[in-house]
Amino acid sequence: MTIAAGTEPRERWTAVDHYITDHLVPADPALEAALQDSDAAGLPPIAVTPNQGKLLELLARVQGARTILELGTLGGYSTIWLARALPPGGRLITLEAEPQFAEVARANIARAGFQEVVELRVGPALQILPQLTAEGAGPFDLIFIDADKQNYPGYFEWSLKLSRPGTLIVGDNVVRDGAILDPEAYDPAHGDEIIRGVRRFYEMVATEPRVDATAIQTVGAKGHDGFALALVTG
Ligand code: SAH
Ligand code: DHB
Ligand code: MG
């Protein structure tokens, strides 16, 4: 298929995502089945794309991560990518508020062979994070923040508590088609708390002396969005 210059941007982004994925992200039965079963169960199609999932895996490997915390499991697609980066004995804890999503994720994670590696906890992340802290969980080597965007400020605070110098905190969806530029912006899917939450997250990251951070815009099959990366330094 040839996609001519001048084609709708989103179509070109999607075609380029396919090109990248065809070359660099080999088809994988467990990951494809995870997406298929998530779709069949009616989960929203908001998992990271395959090439983004592989980026998460590579970041975790570069990081030498042995322990990973994920906020927002959905059907476990990103969870499986991250779990693949772990060495033998590595552990991943993932938090999901929706019991129905968690059930789908549990099956997907088990089929991918990570039943013993991944601990899936069901409930609002802001309730589970204090429990994790109380249990002495962490520090984690990598934390992937991808749950409800209005709570990103709280998630960043808890992530710091569950970090050590050297921890990498990754935040998904920090651009939202550019809506973050507008303090009054309204996210058509969820309302204005989303954008306020993401903007407050940027402010917190910017003023937090214990992290060095950047954010990168992404375009692709899931539109225009971005990842924030914050390295904990102190
Ligand atoms: N990380 C997934 C996508 C996550 S989508 C992937 O890329 O494959 C965001 C998820 O966060 C949804 O499943 C949603 O149910 C969950 N979520 C929303 N609010 C939450 C909360 N308060 N605590 C935990 N999870 C939440
Ligand atoms: C939404 C959530 C995500 O994590 C994502 O990557 C895209 C969209 C959402 O809630 O709409
Ligand atoms: Mg996301």
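Counting starts at 1 for both ligands and their atoms, following the listed order. Keep in mind that what you see is a predicted model, and the values were worked out from it rather than measured.
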Going by distance alone, is a donor N or O of one side chain under 3.5 Å from an acceptor N or O of the other, for T94 and E119?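 No, because no side-chain N or O of T94 sits under 3.5 Å from a partner of the opposite role on E119.
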Examine the side chains of D212 and T233 and answer whether a donor and an acceptor come within less than 3.5 Å of each other.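 Not at all, the side chains of D212 and T233 share no donor-acceptor pair under 3.5 Å.
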Classify the ring geometry between W81 and Y77 as parallel (under 30°), tilted (30 to 60°) or perpendicular (over 60°).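 Because their plane-to-plane angle is over 60°, the rings of W81 and Y77 count as perpendicular.
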Anything under 30° is parallel, anything over 60° is perpendicular, the rest tilted; go ahead and classify F201 against F156.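 Perpendicular.
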Work out whether the distance between some heavy atom of R176 and some atom of ligand 2 is less than 4.0 Å.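 Within the 4.0 Å threshold, so yes.
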Is the closest heavy atom of K149 to ligand 2 under 4.0 Å?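 The answer is yes: ligand 2 sits under 4.0 Å from a heavy atom of K149.
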salt_bridge(R121, E135) N-O dist < 4.0 Å: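 Yes, this pair counts.
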Less than 4.0 Å between a side-chain N and a carboxylate O, is that true for R12 and E8?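 No.
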Start with the C-alpha gap between I169 and I145, add the side-chain angles, then the distance that decides, and say whether side chain to side chain contact (heavy atoms under 4.5 Å, CB included) holds. CA-CA 7 Å; I169 300 172; I145 301 177; 3.7 Å; yes
Quick check on contacts: which atoms of ligand 2 are under 4.0 angstrom from a heavy atom of D172?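 Here the atoms of ligand 2 in question are 6 (O).
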Apply side chain to side chain contact (heavy atoms under 4.5 Å, CB included) to residues E208 and V205 and explain how you reach the verdict. CA-CA 5 Å; E208 172 54 61; V205 173; 5.7 Å; no
Below a 4.0 angstrom heavy-atom separation, can you tell me which part of N173, side chain or backbone, both or neither, approaches ligand 2?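 Contact part for N173 vs ligand 2: side chain (C-beta onward).
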Polar protein atoms near the Mg ion (ligand 3) [N, O or S; cut-off under 2.8 Å]: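 Correct list: D146 OD1, D172 OD2, N173 OD1.
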Put together the list of close N/O pairs, under 3.5 Å, between ligand 1 and the protein, could you?
| from | atom 1 | to | atom 2 | distance (Å) |
| --- | --- | --- | --- | --- |
| ligand 1 | 1 (N) | G72 | O | 2.8 |
| ligand 1 | 1 (N) | S78 | OG | 2.8 |
| ligand 1 | 1 (N) | D146 | OD2 | 2.7 |
| ligand 1 | 7 (O) | V48 | N | 2.9 |
| ligand 1 | 7 (O) | S78 | OG | 3.3 |
| ligand 1 | 7 (O) | D146 | OD2 | 3.4 |
| ligand 1 | 8 (O) | S78 | N | 3.1 |
| ligand 1 | 8 (O) | S78 | OG | 3.2 |
| ligand 1 | 13 (O) | L74 | N | 3.4 |
| ligand 1 | 13 (O) | E96 | OE1 | 2.7 |
| ligand 1 | 13 (O) | E96 | OE2 | 3.3 |
| ligand 1 | 15 (O) | E96 | OE2 | 2.6 |
| ligand 1 | 19 (N) | D148 | OD1 | 3.2 |
| ligand 1 | 22 (N) | D148 | OD1 | 3.2 |
| ligand 1 | 22 (N) | Y155 | OH | 3.3 |
| ligand 1 | 23 (N) | A125 | N | 2.8 |
| ligand 1 | 25 (N) | A97 | N | 3.2 |

Just do the salt bridge (Lys or Arg N to Asp or Glu O under 4.0 Å) check on K149 and D172 with the steps written out, would you? CA-CA 9 Å; K149 318 308 166 199; D172 192 22; 5.3 Å; no
For Q115, does the CD atom sit with more than 12 other heavy atoms under 6.0 Å from it, leaving out its own atoms?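 Open.
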Identify the residue among V16, T14, I20 that makes a side-chain contact (heavy atoms from CB on, under 4.5 Å) with H18.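 That would be T14; it is the only one of V16, T14, I20 passing the side-chain contact (heavy atoms from CB on, under 4.5 Å) with H18.
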